[in-house]
Amino acid sequence: MLELRFIRENIDLVREKTAHRGLATDKVDEFASVDAKRLELLQEVESLKNQRNKASKEIAQLKQGSDEEKKQADTLIPEMRKASERIKGLDKELGDIQERLQELVLSIPNICSDDVPKGTDDEDNVEFKTWGEKPTFSFTPKTHWEVGEDLDILDFERAAKLSGARFALLKGFASKLERVLTNFMLDLHTERHGYEEVLPPFLVNSASMTATGQLPKFADDLFAIKDWDLYLIPTAEVPVTNIFRDETLDEDQLPIKYTAYTPCFRSEAGSYGRDTKGLIRQHQFDKVELVKFTTPETSTQELEDLLADAEEVLQLLGLHYRVVTLCSGDLGFSSTKTYDIEVWLPGQETYREISSCSNFLDFQARRGGIRYRPNGQKKSKLVHTINGSGLAVGRTLLAVLENYQQEDGTVAIPEVLQPYFEKRF
RNA sequence: GGAGGAGUGGCCGAGUGGCUUAAGGCGGCGGUCUUGAAAACCGUUGAACGGAAGUUCCGUGGGUUCAAAUCCUACCUCCUCCGCCA
């Protein structure tokens with residue numbers, strides 16, 4: 001969420017930036033009128049409350065004085081009764097307006113960074129860098145679902161029996177590879193990149209979903225638990241960012257760097273018909289997430305560093321990829337700038353997103369009340385939050401299946417993972 | 001799921017209707033003393049919004065009252081015990 005005063009004072013900029021994302025600007029327009037009404041009402045009700053507070057003290061004093069003074073209090077009380085009724089009425093009105101204003105503010109997206117290219121969809125994303133090269137094969141490489149089904153390690157039909165479309169059953173080598181990749185990523189980020197590992201709840205309440213921006217606008221993409229104020233997390237970003245919700249940190253603690261493995265659950269309500277084959281778009285998938293809490297001064301650099309941390313996973317696995325800067329129309333609601341890492345999939349002859357790294361500045365921190373106290377200063381400030389996948393495990397698995405497939409139908413094990421496959425018993 | 005208890009500032013904790021802009025302590029910060037430190041002593045120290053005046057905040061939401069941390073009510077969370085359970 002943006003600061004009220006910022007929107008008020010930069011209403012044209014907010015409208016323009018919202019339009020760049022391809023979003024409707026009617027909420028921005030409505031903000032202006034509701035906000036003005038709120039300020040007016042606030043002034044009125046606050047001055048009435050001031051009068052009431054003063055009179056209240058006066059009555060307290062008079063009540064303890066002489067009979068004469070007690071009488072004075074008795075004449076004052078009916079007056080205050082009227083004032084109180086008026087306050088109650090205005091407070092109710094103000095409450096309604098504030099609720100509406102809150103809805104509006106929560107539905108206004110973040111301001112995208114100046115270095116984000118303008119555009120309407122993923123066609124307009126700009127290539128930032130590439131690493132490695134497309135592998136060559138002496139045979140025609142299969143897609144990962146062909147590799148998986150031929151080896152009997154991916155079973156989509158039985159998964160459909162268990163749960164429906166967009167679920168997968170991993171068996172044998174695939175299920176172990178999934179687990180090994182998860183461990184490899186966590187080990188890398190904790191031992192080499194200085195992240196602390198956390199394992200959060202996979203169900204969170206609506207307050208947490210609101211702070212990170214999934215609610216109220218994107219409720220349709222979430223799985224909700226019937227009769228509970230609980231949702232299945234769509235990404236570890238939600239529970240991990242919310243760790244410090246409504247808390248004030250010390251500047252010396254920053255930056256705080258967490259990495260977390262969680263399964264992720266997405267209904268992807270609008271996605272039916274897209275990527276129906278294979279592991280690409282599932283209702284449940286594993287992900288290792290990277291989350292940082294930083295000062296405003298360092299967040300720009302910390303995003304670059306986080307991107308490098310995520311990239312290193314692919315580099316060590318020897319998987320060719322490119323990094324694109326998302327254009328304004330493809331940018332997530334809460335993000336000011338996002339890099340997507342796209343891995344090369346030879347079976348499908350295409351690049352597919354495998355990580356998304358974003359800087360939210362103070363947008364999530366303001367929604368969630370995540371603050372820090374700058375050294376030597378009395379006033380607290382909002383932290384900046386950054387996160388990215390490091391990486392999506394299921395997509396890493398399919399990238400390994402497609403890139404490491406052999407002519408005989410088997411799949412080679414990337415060198416860096418081989419220690420994880422040594423026999424233990 | 002059942003029974004009981006409890007939620008007050010960074011922490012502990014007093015406060016059962018009106019100078020509570022929340023006592024006291026711990027911790028933090030500054031100082032005196034000291035070669036330096038400790039101890040002792042003195043002072044200072046909640047948060048959000050606002051340019052300011054001011055408003056709001058004692059788990060949360062309603063209610064009673066001229067006035068609520070304090071009374072009523074619903075809910076939430078935590079603790080103890082019982083039940084169930086990996």
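Note that this is a predicted model, so its numbers are computed, not measured.
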When the [atom1] atoms of [N] and [M] are considered, how many whole Å apart are they?
{"N": "C11(B)", "M": "U80(B)", "atom1": "C1'", "answer": "23 Å"}
{"N": "C85(B)", "M": "G5(B)", "atom1": "P", "answer": "28 Å"}
{"N": "A69(B)", "M": "U8(B)", "atom1": "C1'", "answer": "7 Å"}
{"N": "U21(B)", "M": "C42(B)", "atom1": "C1'", "answer": "24 Å"}
{"N": "U65(B)", "M": "C72(B)", "atom1": "P", "answer": "16 Å"}
{"N": "G10(B)", "M": "C58(B)", "atom1": "C1'", "answer": "16 Å"}

| said: Return a single string for nucleotides 61-68 of chain B, one symbol per nucleotide in 5' to 3' order, where B is base contact, S is sugar-phosphate-only contact and - is none, cutoff 4.0 angstrom on heavy atoms. | reply: ---S-BS-
| task | Using atom CG of Leu90(A) as one end and atom P of U55(B) as the other, report the distance to the nearest whole Å. | result |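 Checked: the CG to P distance equals 16 Å.
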With a cut-off of less than 4.0 Å, is there a side-chain N or O of [X] near OP1 or OP2 of [N]?
{"X": "Ser380(A)", "N": "A48(B)", "result": "yes"}
{"X": "Arg5(A)", "N": "G51(B)", "result": "yes"}
{"X": "Lys379(A)", "N": "C49(B)", "result": "yes"}

| Atom NZ of Lys118(A): over 12 foreign heavy atoms under 6.0 Å |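 It does not: Lys118(A) NZ has 12 such atoms or fewer within range.
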| query | Do other residues, nucleotides or ligands put more than 12 heavy atoms under 6.0 Å from the CG atom of Asp114(A)? | reply |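 Count not over threshold, so no.
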| request: Specify the residue among Lys54(A) and Lys381(A) whose closest nucleotide of RNA chain B lies further upstream toward the 5′ end. | output: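 Its nearest nucleotide lies further toward 5', so the answer is Lys381(A).
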| Start at the 5' end of RNA chain B and walk down; is the nucleotide closest to Arg373(A) or to Gln51(A) reached first? |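 Going by which nucleotide is closer to the 5' end, it is Arg373(A).
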| task | Return the nearest nucleotide to the side chain of Asn53(A); candidates are G51(B), A48(B), U56(B). | result |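 Nearest nucleotide to the side chain: U56(B).
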| query | Between G54(B), A48(B), U56(B), which nucleotide gets closest to the side-chain atoms of Asn50(A)? | reply |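 Minimum distance to the Asn50(A) side chain belongs to G54(B).
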| query | Any stems for RNA chain B, made of 3 or more Watson-Crick or G-U pairs in a row, each with both distances under 3.5 Å? | reply |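 Stem list for RNA chain B: B:1-7 with B:76-82, B:10-12 with B:24-26, B:27-32 with B:40-45, B:46-49 with B:54-57, B:59-63 with B:71-75.
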